[in-house]
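Before any comments, here is the structure.
Keep in mind it's a predicted model, so treat the numbers as computed, not measured. Residue numbers start from 1 in every chain, and the chains themselves are labelled A, B, ... in the order their sequence lines are given, proteins ahead of strands.
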There are 2 protein chains.
Amino acid sequence: MTAEARPAAPPLTERQEARRRSILRAGAQLAGRGGFEAVQMREVADAAGVALGTLYRYFPSKVHLLVAIMQDQLQHLHVTLRRQPPAGDDAAQRVAETLMRAFRALQRDPHLADAMVRALTFADRGVSPEVDAVSRLTTAIVLDAMELENPTQEQLSVVRVIEHTWHSALITWLSGRESIAQVKRDIETVCGLIDPPAGTR
Amino acid sequence: MTAEARPAAPPLTERQEARRRSILRAGAQLAGRGGFEAVQMREVADAAGVALGTLYRYFPSKVHLLVAIMQDQLQHLHVTLRRQPPAGDDAAQRVAETLMRAFRALQRDPHLADAMVRALTFADRGVSPEVDAVSRLTTAIVLDAMELENPTQEQLSVVRVIEHTWHSALITWLSGRESIAQVKRDIETVCGLIDPPAGTR
DNA sequence: AGCGAGTCTGAAACTTGTTCTAGATTAGCG
DNA sequence: CGCTAATCTAGAACAAGTTTCAGACTCGCT
């Protein structure tokens, strides 16, 4: 409940690294069916071949675990995108294409998406560092698509708004309150903030 | 776990209405200290002078309860805003002012805000109707500020993006990952989508 | 007033996230 | 190899959301 200081990650041994991966895999698999609720810590520990206490040593809460899974997935996506960058004429198009590509990836496993995104938005202050890491990754992906090296304050705000929209639109889609077409339109709409290079006011 | 059909709200008797209010008040009060986690169903029932089972008859889950509280608060806000509408030159300014006013109201009780917003974004399909009601209220407030009667598809998408940004920015602020200044800037940024009356593409 | 359906109460039970403990195992090191 | 601290395991225990149940109460109706 109280936020612990995380001084520095001690280097993990090989077996520990393996355990960590095993836990992430088990968690993602369980999330794959049933979403957030289906990720039950006892089952994760069981499927990962690890004691419950150990699971909690690696990930201090269910939300930590799911955020770590999201981080993992985002890293894969980032690599994929680096290999096959979006090919749009302007930045707005490229960002929209990137996000829609990510969206389609999530559509392939909506339950996993549900678990990850719900964890992300439900996370409280105690998970801030981890959530922040995810946020930085997302920002990096968007900035890549924009082909921006040194963003201005305004541009950073635009990127934040895009991320806000992205997360929230995902949520509304996952809870069945917004259609895929609407998500697409929303993403394209928010990307409209990118192009006009004119300063605000 | 399964989504129940909600055929029609049977009309509540006077005492039932009183119980409902009492529960909402107790919930809001508990949320006021400690936020989401401090709202414990046993304590809510206790503070409302009602049995636990009764609490669950009125609000089938903690999330339902908090979303209902949010709806309640939004209604108050809506009335207040109707009485003292924002006085900006253009729609974008009025919307930004409205949202910042709402934001300041939330700042006055960050714990309550935390409880409501976390519940809202954590809500799953089973709470969709209630979350939708909140969403419609928010939309109405924004449309009021824009002084729009018959919004187009594009305008509706802009409003959705504004709401997405609003919710998500709130979350990041509540979890200490974004400053008040950044929230303000983000809101002003997203409101930049409003003015340009030129059609997209 | 009396009846029947629906509602409320109090308390226990169940579920799942989280914590704790005692004993086995492992890793690093002299 | 043998020691010591850290880690891991199995399992119990605890906390809070949710469900269930038997009995008391209330409301609307005749």
Side-chain angles (χ1 to χ4, degrees), chain A residues 1-4 7-23 26-27 30-31 33-69 115 118-119 122-124 126-127, chain B residues 1-4 7-23 26-27 30-31 33-69 115 118-119 122-124 126-127:
Chain A
M1 224 143 267
T2 48
E4 306 264 334
L12 297 187
T13 74
E14 204 171 328
R15 297 181 59 136
Q16 287 176 322
E17 195 55 53
R19 272 198 204 94
R20 200 188 126 88
R21 300 239 143 270
S22 172
I23 292 172
L30 282 174
R33 34 173 140 281
F36 188 87
E37 322 188 337
V39 180
Q40 305 198 352
M41 299 304 267
R42 283 171 244 259
E43 285 192 42
V44 172
D46 208 37
V50 122
L52 191 55
T54 306
L55 169 52
Y56 272 96
R57 173 183 285 273
Y58 281 78
F59 302 97
S61 79
K62 172 170 171 173
V63 168
H64 279 87
L65 170 59
L66 285 169
V67 171
I69 290 176
R118 296 258 296 283
F122 189 59
D124 65 354
V127 203
Chain B
M1 222 145 272
T2 48
E4 305 266 335
L12 296 187
T13 73
E14 204 171 328
R15 297 180 62 137
Q16 287 176 323
E17 195 55 52
R19 272 196 205 97
R20 201 189 125 88
R21 300 241 141 268
S22 171
I23 292 173
L30 283 173
R33 37 172 138 283
F36 188 88
E37 324 189 335
V39 179
Q40 304 198 352
M41 298 304 267
R42 283 173 244 258
E43 285 192 41
V44 173
D46 209 36
V50 123
L52 192 54
T54 305
L55 169 52
Y56 273 96
R57 172 182 285 273
Y58 281 78
F59 301 97
S61 80
K62 174 169 168 171
V63 169
H64 279 86
L65 169 59
L66 286 169
V67 170
I69 290 176
R118 296 256 297 282
F122 188 59
D124 66 353
V127 202

Minimum-distance pair of heavy atoms, taken over all atoms of [X] and [Y]:
X	Y	answer
A:A68	A:F59	CB-CE2, 3.5 Å
B:A38	B:L30	CB-O, 3.7 Å
B:L66	B:A119	CB-CB, 3.4 Å

As an exercise, state the distance from CD of B:E17 to CD of B:E14, rounded to the nearest 0.5 Å.
9.5 Å

Gap separating the CG atom of B:D46 from the CZ atom of B:R42, nearest 0.5 angstrom
11.0 Å

N/O (side chain, A:Y58) to phosphate O (OP1/OP2, D:dT7) under 4.0 Å:
no

Has A:Q16 got a side-chain N or O lying under 4.0 Å from the OP1 or OP2 atom of D:dC8?
yes

Closest nucleotide of DNA chain D for B:R15 versus for B:G53: which of these residues is on the 5' side?
B:G53

Selected nucleotide, minimal atom distance to [X] side chain, candidates [options]:
X	options	value
B:R19	C:dT26, C:dC8, D:dT7	C:dC8
B:T54	C:dG28, C:dT9, D:dT7	C:dT9
B:T13	D:dG28, C:dA27, D:dC8	D:dG28

Taking atom [atom2] of [N] as reference, at what distance in whole Å does atom [atom1] of [X] sit?
X	N	atom1	atom2	value
B:F59	C:dT7	CZ	P	16 Å
A:E17	C:dT26	CD	P	19 Å
A:E14	D:dT7	CD	P	17 Å
A:R57	C:dT25	CZ	C1'	13 Å
A:L55	C:dT18	CG	P	9 Å

Please work out whether the ring planes of A:F36 and B:F122 are parallel, tilted or perpendicular, with thresholds of 30° and 60°.
perpendicular

List, with names and distances, any nitrogen or oxygen atoms from the protein found under 3.5 Å away from nitrogen or oxygen atoms belonging to nucleotides 14-18 of chain D.
unit_1, atom_1, unit_2, atom_2, d
D:dA16, OP1, B:Q40, NE2, 3.2
D:dA16, N7, B:R42, NH2, 3.4
D:dG17, OP1, B:V39, O, 3.1
D:dG17, OP1, B:K62, NZ, 2.9
D:dG17, OP2, B:M41, N, 3.0
D:dG17, N7, B:R42, NH2, 2.5
D:dG17, O6, B:R42, NH2, 2.8
D:dT18, OP2, B:Y56, OH, 2.9
D:dT18, OP2, B:K62, N, 2.9
D:dT18, O5', B:Y56, OH, 3.4
D:dT18, O4, B:R42, NH1, 3.3

Mind checking whether A:H64 and A:Y58 have side chains closer than 4.5 Å, heavy atoms only?
no

